[in-house]
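The structure under discussion appears below in the form of structure tokens.
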Amino acid sequence: MSDHVTTHQAEEDARNEEILIFLNGRIVPKAEAVVSVYDSGFMLGDGVWEGLRLYDGHWAFLDEHMDRLFEAAKAIDLDIGMTPACMVQALEETRVANDMTTDAHARLMVTRGVKSRPFQHPGLSQKGPTVTIIMEHSRPSIPRPIRLATVPHIRGLPMTQDPKLNSHSKLNCILACIAAEKAGADEGLMLDVNGFVNTTNACNFFIVRKGEVWTSTGDYCMNGITRQKVIDVCRADGIPVFERNYSLVDTYGADEAFLTGTFGAQTPVSEIDGRPIGSGEMGPMTERIRALYKALVEDSAARA
Ligand SMILES: Cc1ncc(COP(=O)(O)O)c(C=O)c1O
């Protein structure tokens, strides 16, 4: 039996069979939330998305998520057809319809919409965007620290498909994840074009060495909101934190390593390419940063 773990593993929740989904201005039961086979997202991965988490009635770092979504849409020349305020209202309507107050995860997706013919040209998407919000009851349940394997798939240069875009097409990351699982790990550790350690296929990546926290320069990875918040809380709490180039040698020799993302906040890493990292359990710095991040989320909810 496989003991694979994923960084987005949640407790089973039967209520998720009954959720209501936002689809182009309507709120419909899950079974009716379907899009056309001509949709640009389905056909070509032509769209952008955000993942948000609800804590105590508030979407954590909502403004940052909206900024990133609208920036990505602008970058791919996709007119969302809604203001950020309308998008927040749609999120809120979906939350209220689902009677969710905490421990929910939203996947907000915008594609270039239904095409008139089954070909690539963006001009064939003439009907306006497809906007959907899936909102699920969600309590992360990751039973053990994550094992990583370095994979041959790299984070590319921004002039091909900028790795900062949260695009619907994640094939590069999916192939990285498949390669890592085939190597007996849970998630793929991806290098940048220069061979420095960059990120994993679904999360940002940090190491801890001698009391210092290191992450990549940020040049080739998703501009993760959790990543930035971890950097911010480290700075505010006097923890030395560096965005820098570092190699696998530095990484294998780290005292701790952890992943960041909206879903799991900070997830400890036990092993990389068969080398144990630290004790193999969550280390004291990771624990400290988790507590600081939790306090930040609570504080921003209290201020909202
Ligand atoms: C490749 C990748 N890295 C990192 C992240 C984490 O970003 P955030 O902290 O904004 O959830 C994501 C999530 O969308 C991602 O897809």
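Values reported hereafter were calculated over all heavy atoms of this structure, with side chains retained and with hydrogens, waters and symmetry mates removed. As the structure lists them, so they are numbered: ligands from 1, and atoms in each ligand from 1.
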Residues forming a ring pair (Phe, Tyr, Trp, His ring centres under 6.0 Å) with F206, sequence neighbours excluded: F258
Answer yes when R95 and E92 have at least one side-chain N-carboxylate O distance shorter than 4.0 Å, and no when they do not. yes
Salt bridge flag under 4.0 Å for residues D273 and R147: no
Taken in chain and number order and not counting sequence neighbours, the residues that satisfy side chain to side chain donor-acceptor pair (under 3.5 Å) with E50 are H65, R68
Ion pair check, D103 and R139, cut-off under 4.0 Å: yes
Checking F263 now: which residues fulfil ring pair (Phe, Tyr, Trp, His ring centres under 6.0 Å) with it, not counting sequence neighbours? H8, H105
Pocket residues of ligand 1, ordered first by chain and then by residue number (heavy-atom cut-off under 4.0 Å): W49, R68, N166, K170, N201, A202, C203, N204, M222, G224, I225, T226, G261, T262
